[in-house]
2 protein chains.
Amino acid sequence: MAANGKKSDKHPPYKRSKQRERILALLRSTDTHPTANWLFGKLKKEFPNLSMGTIYRNIGILVRQGLIGRIAFGSTFDRLDANVSDHYHFICEKCNAIMDLKLPVVRDLEKQVPASEGFKVHRHAVEFYGLCPKCAKKA
Amino acid sequence: MAANGKKSDKHPPYKRSKQRERILALLRSTDTHPTANWLFGKLKKEFPNLSMGTIYRNIGILVRQGLIGRIAFGSTFDRLDANVSDHYHFICEKCNAIMDLKLPVVRDLEKQVPASEGFKVHRHAVEFYGLCPKCAKKA
DNA sequence: GTTCATGCAAATCGTTTGCACAATG
DNA sequence: CATTGTGCAAACGATTTGCATGAAC
């Protein structure tokens, strides 16, 4: 699943757990963007029997609670594109279709990244999320 | 790996193959963004013994040749983010670090997507690719 | 003929899930 | 005590890889 946020947010009555609290604390303590595996490494000292299942289940809960975000493109599998030219994408949150947009590519956006801080920008990508024409009609 | 394009592009002297030609043709014939599995389905009639290995190996070659693009965020695994506020990302093509940018989020970008065509935009994401300060310094 | 591509199967990797037991409210 | 969370291990789905054979140059 993608960053979604929709779906009748019927959380079950979450109970607190030491592990989940530590996961959240760890994520808040850093601005790198850790992976599940990194969390596991950091926490297995604290919880010697920690398991990946716990990490993933808690990540899921925290995302559902809106306390953290998950950076992942649309779905699990790679999508291919024979259109090699520069273009933006629209991703339908309903049917997961990915479509090319014929918008002008705003290279000027790249000027906003502070070169002063040492960034060297080569390119940028933009994805719009929402409902594609077909799904919008059905809504 | 991510959309990369770097790495000493020492292609071996690729030889042509019926399968690869058909894969490219298929990708060019559509503007949906097929998955490896979709290609497999379409082609197994034509090549009854086709294997997934062949699909993936050829996708890799086509990408290396710059003939197609692969849409995938940074890496294979999800990255987490405790920064829930709206922000853009910078992704280092060298060390794969993902960093939050403190740029203003340009919601006006979303107006460019032609609502006239029926798109309903909910949000958008921007990722800048290049060298992070650390890697830029070393270059 | 040497090199690259294929098919097949096994392997890998990140993630998910079923189950019995422990912790929470 | 009713329910949610944990650890463990097995299951999963997408992708990768080793190897013997077949096609390309």
Side-chain angles (χ1 to χ4, degrees), chain A residues 1-4 7 9-25 33-65 67-68 70-80 96 98, chain B residues 1-4 7 9-25 33-41 43-65 67-80 96 98:
Chain A
M1 252 329 86
N4 177 318
K7 285 257 167 182
D9 249 337
K10 289 209 158 308
H11 4 123
Y14 297 123
K15 298 180 177 174
R16 48 188 299 284
S17 99
K18 274 242 153 51
Q19 301 61 345
R20 185 157 66 250
E21 275 162 10
R22 292 293 296 124
I23 288 175
L24 181 56
H33 293 262
T35 62
N37 199 52
W38 182 90
L39 287 171
F40 183 72
K42 290 282 176 188
L43 290 175
K44 74 161 153 260
K45 297 136 189 225
E46 225 167 302
F47 304 93
N49 302 342
L50 185 61
S51 87
M52 273 298 194
T54 298
I55 298 280
Y56 281 107
R57 271 184 289 240
N58 280 316
I59 288 175
I61 293 178
L62 290 170
V63 170
R64 260 173 267 138
Q65 292 179 144
L67 293 174
I68 65 170
R70 188 192 261 134
I71 307 179
F73 208 91
S75 40
T76 341
F77 22 77
D78 288 356
R79 301 295 209 95
L80 306 170
N96 283 308
I98 299 183
Chain B
M1 252 329 86
N4 177 317
K7 286 258 168 184
D9 249 337
K10 287 207 155 313
H11 4 123
Y14 298 123
K15 298 179 177 175
R16 49 187 298 284
S17 97
K18 274 243 153 48
Q19 297 68 341
R20 185 156 68 250
E21 274 161 10
R22 293 293 296 124
I23 289 175
L24 181 55
H33 293 262
T35 61
N37 198 52
W38 181 91
L39 287 170
F40 183 73
L43 290 174
K44 73 161 154 259
K45 296 133 190 226
E46 223 167 302
F47 305 92
N49 303 343
L50 185 62
S51 87
M52 273 297 192
T54 297
I55 298 281
Y56 281 106
R57 271 183 288 238
N58 280 316
I59 288 174
I61 293 177
L62 290 170
V63 170
R64 260 172 268 139
Q65 291 179 146
L67 293 173
I68 64 171
R70 189 191 260 134
I71 307 180
F73 208 89
S75 41
T76 340
F77 22 76
D78 288 357
R79 301 296 209 95
L80 306 169
N96 282 307
I98 298 182

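To find a chain, count down the sequence lines: A is the first, B the second, and so on, and within it residues start at 1. None of the values given here were measured: they were computed from a predicted structure.
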Asks: Could you check how far CD of B/E21 sits from C1' of C/dC4, rounded to whole Å?
Replies: 14 Å

Asks: How close or far is atom P of C/dT15 from atom CD1 of A/I61, stated in whole angstroms?
Replies: 17 Å

Asks: If I take atom CZ in residue B/F47 and atom P in nucleotide C/dA5, what distance separates them, rounded to the nearest angstrom?
Replies: 15 Å

Asks: If you look at every heavy atom in B/R20 and B/N58, which pair is closest and at what distance?
Replies: NH1-OD1, 2.9 Å

Asks: What is the separation between atom CZ on A/R20 and atom P on C/dT24, rounded to the nearest whole Å?
Replies: 11 Å

Asks: Within residues 35-46 of chain A, find the residues that approach DNA chain D with a heavy atom at under 4.0 Å, and present them sorted by residue number.
Replies: none

Asks: Drop me the distance from A/L62's CG to A/I23's CD1, to the nearest 0.5 angstrom.
Replies: 6.5 Å

Asks: What is the distance, rounded to the nearest whole Å, between atom NZ of A/K18 and atom C1' of C/dA22?
Replies: 14 Å

Asks: So which heavy atom on A/I59 is nearest to which on A/I68, and how close?
Replies: O-CD1, 4.1 Å

Asks: Rounded to the Å, how far apart are A/K15 NZ and D/dT4 C1'?
Replies: 4 Å

Asks: Quick check: do A/K42 and A/L39 have side-chain heavy atoms less than 4.5 Å from each other?
Replies: no

Asks: Kindly state which residues belonging to residues 49-60 of chain B come within less than 4.0 angstrom of DNA chain D, counting heavy atoms of the residue only, listed by number.
Replies: B/G53, B/Y56, B/R57

Asks: Pair A/L80, B/H33 - check side chain to side chain contact (heavy atoms under 4.5 Å, CB included), show working.
Replies: CA-CA 5 Å; A/L80 306 170; B/H33 293 262; over 6 Å; no

Asks: Are any of A/Q19's side-chain N or O atoms less than 4.0 Å away from OP1 or OP2 of C/dA23?
Replies: no

Asks: Atom CG in B/L43, atom CZ in B/R22: separation rounded to 0.5 Å?
Replies: 6.0 Å

Asks: May I have the distance from B/D78 (atom CG) to C/dT16 (atom C1'), rounded to whole angstrom?
Replies: 13 Å

Asks: Rounded to whole Å, please give me the gap between CD1 in A/I71 and P in C/dT15.
Replies: 13 Å

Asks: So, is A/S17 near the phosphate of D/dT6, with a side-chain N or O under 4.0 Å from OP1 or OP2?
Replies: yes

Asks: Would you name the heavy atoms of B/D78 and A/R70 that are closest together and state the gap between them?
Replies: OD2-CD, 3.2 Å

Asks: Taking the side chain as every heavy atom from C-beta outward, state whether B/I55 and B/Q19 have any atom pair closer than 4.5 Å.
Replies: no

